[in-house]
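Input: a single structure, listed below in structure tokens.
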Amino acid sequence: MEKKIGAIANGVNIDHIPQGNAWYIIKLLKLQRKYPVGIGLNLPSKRLGVKDLVKIENYRLTEEQLKLVSVFAAGATYSEIENYQVVRKLQLTIPESVEDLIICPNHRCISHQHRSRFAFKIVRDKIVVNCHYCEHNYELENLQEFKI
Amino acid sequence: MQVLKNNGLIALQDLTKQDILDLLSHAKQFKDGLRKDTLNGRVIASCFFEASTRTRLSFESAVARLGGKTIGFADSGATSQANKGESFVDTLRMLNCYADGLIMRHPNDGAARLASEIMTIPVVNAGDGANQHPTQTLLDLFSIQDSQGQLDGVNLGLMGDLKYSRTIHSLISASKLFNMRLFLIAPPELRIESENLHELRRHGISYSFHSDASEVIDKLDCLYLTRLQKERFNGELDCNYGINLELLSRAKPNLRILHPLPRLDELPAAIDDTPYAYYFQQAQNGVYVRQALLDIIFGG
């Protein structure tokens, strides 16, 4: 379905991001000083009550970036836009696992010497991130460093 | 025991309750005098990237008693990894060419899991950082079973660093399989963390908190004591930590004291000659449990 999105002629629109997670997406995509970025925080949403929104001009996410963004934006809508038209639209879901994208916060973890692997599960309504190697569980806000 | 055969052992949670009971039963056979030469003609790499005298010697004793030979090192100081910058992964690939199995201790969490993914020979985790030390937990379970005749329903006191101790965490995790009653004895600074408590509640395990062993000594079947790692906390602890002969005068006759060793002041030598002392037998049990494990992995 074609749809015009705001003022973005070309780029991506990530809508319905869980409240508070837009900053993670900006940080992990390292967008702070590169592309024109529009950030909406605490916007009213019929689906979520309150949501965040990120629009990035002249940008496409790689499949690896998309996988990692999905961790922080489960349920969000990702749209790619060309000449004001939506050319690709996805609903983001939490991946079962990601390989070598997250740097384990445990500095003693062996993944620092090889590749990291993390699995995701929901525990008491929260996303818990589990390191395949050191077996530590983390909440999303504890993840600070990424490989993309 | 298909999970172990030709595969090795990385973490206790890789085993079912029945796997554990079968392994303990096999260890009992070795304790009762079973002799096998399963490792005859095999070379086992015993690689300790950090020192652990007790674990290394009991593993190497188990290999020798099964007829095998060991190669390896007692700490990583003299290796090419330490002196020439060889990567850990390359070291593993090299070891894979020289041995039929690897027994590995490593200071980094998850090192054994990584080794098992890179190598084609069986890997046995002899401790990976603060993460897992499955054969310690297996020998602890064997010692509880051997001293009490059962695991289910045992009143187990866990005393010491309940917050940080890998040994304690692993034993608590295993207790969920055997419906033990836990008495958690620690100063407030070193109490078990809420994530572990949630797991105990989820599995219906009964537990209570105590700041002093004297509150529960007359109820315990086993008291598992650990050394306080003083680097873990600042200042003095406001508690009466440790046990003594006076305290044991109120103990049940079947009480047995376990300790992973080495010990400090918490376990005075005066207790060694009492019937309650089980910690040296516990260390000896480590050989039988490791014999049983290696026998299953390499022969069955």
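Every chain is numbered from 1 and lettered A, B, ... according to where its sequence line falls, protein lines coming before strand lines.
Chain A forms more heavy-atom pairs under 4.5 Å with one residue of B/Gln132, B/His106, B/Glu117 than with any other, namely B/Glu117. Contact count versus chain A (heavy atoms, under 4.5 Å) is highest, among B/Ala111, B/Gly110, B/Gly129, B/Pro107, for B/Gly110.
When every heavy atom of A/Cys134 is checked against every heavy atom of B/Asp109, the shortest pair comes out as CB-CB, 3.4 Å. Here the closest non-hydrogen pair linking A/Tyr133 and B/Asn131 is O-ND2, 3.6 Å. Residues B/Asn108 and A/Arg108 come closest through the heavy atom pair ND2-O, 2.9 Å.
The parts of A/His132 that come within reach of chain B are both its backbone and its side chain, each placing non-hydrogen atoms under 4.5 angstrom from that chain. Interface remark: B/Ile10 contributes no atoms to any contact with chain A (heavy atom separation under 4.5 Å). When heavy atoms are compared at a cutoff of 4.5 Å, B/Ala11 approaches chain A solely by way of its side chain, counted from C-beta outward. No part of A/Arg115 comes within reach of chain B, as not one of its non-hydrogen atoms sits under 4.5 angstrom from that chain.
Rounded to the nearest 0.5 Å, atoms SG (A/Cys131) and CZ (B/Arg113) are 10.5 Å apart. Atom CD of B/Gln13 sits about 4.5 Å away from atom CD of A/Glu135, to the nearest 0.5 Å. Atom CD1 of B/Ile118 and atom NE2 of A/His114 lie 4.0 Å apart (nearest 0.5 Å).
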Less than 3.5 Å apart, which donor and acceptor atoms pair up between the side chains of residues 36-46 of chain A and the rest of the protein, not counting sequence neighbours?
{"residue": "A/Asn42", "atom": "OD1", "partner": "A/Gln19", "partner atom": "NE2", "Å": "2.8"}
{"residue": "A/Ser45", "atom": "OG", "partner": "A/Arg47", "partner atom": "N", "Å": "3.2"}
{"residue": "A/Ser45", "atom": "OG", "partner": "A/Leu48", "partner atom": "N", "Å": "3.0"}

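For A/Glu141, the CD atom counts as densely surrounded, since its 6.0 Å shell holds more than 12 non-hydrogen atoms of other residues, nucleotides or ligands.
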